[in-house]
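First up is the structure itself, then whatever we jot down about it.
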Amino acid sequence: MLLLLPLLIAAPQVSADEPGPPALEPDSVAAWRDHVRPSEDDLAFARIDWAPTFTDGLRRADAEQKPLLLWLMNGHPLGCT
């Protein structure tokens, strides 16, 4: 019983307002496709006019007097290093 308590505390909370995934049945392929397909909000990053190089970003930030975001990472994007 003591081992299950941390698992119950750490369990993700599901809101009653959010619909769950559709039932996994042979005729529910379209419903599953719609469930896993990214929404417009999920793809909002693609509408940003990203600079192709750091130098281009520096020039644009200087011209527009805006800050520059430099995103660096080391390793695999899923943390599988």
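Basis for what follows: all heavy atoms, side chains included, without hydrogens, waters or symmetry-related copies.
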Task: With sequence neighbours excluded, residues passing side-chain hydrogen bond (donor to acceptor under 3.5 Å, both in side chains) with Arg37 - done: none

Task: Residue pairs, two or more places apart or on separate chains, that pass salt bridge (charged side-chain N to carboxylate O under 4.0 Å, His left out) and touch residues 45-54 - done: Glu40-Arg47, Asp49-Arg60

Task: Residue list, side-chain hydrogen bond (donor to acceptor under 3.5 Å, both in side chains) with Asp42, at least two apart or on another chain - done: Ser39

TODO: Can you sort out the partners of Leu70 under side-chain contact (heavy atoms from CB on, under 4.5 Å), two or more places apart, ordered by chain and number?
DONE: Phe54, Leu72

- [ ] Name all residues meeting the side-chain hydrogen bond (donor to acceptor under 3.5 Å, both in side chains) criterion together with Glu64; count only those two or more places apart in sequence or in a different chain, and write none if there are none.
- [x] none

Open item on the list: For Thr53, give me all partners under side-chain hydrogen bond (donor to acceptor under 3.5 Å, both in side chains), at least two apart in sequence or on another chain.
Closed with: Asp56

Open item on the list: Under a 3.5 Å distance rule, please check whether Trp50 uses its side chain to pair with a backbone N or O of Gly57 as donor and acceptor.
Closed with: no

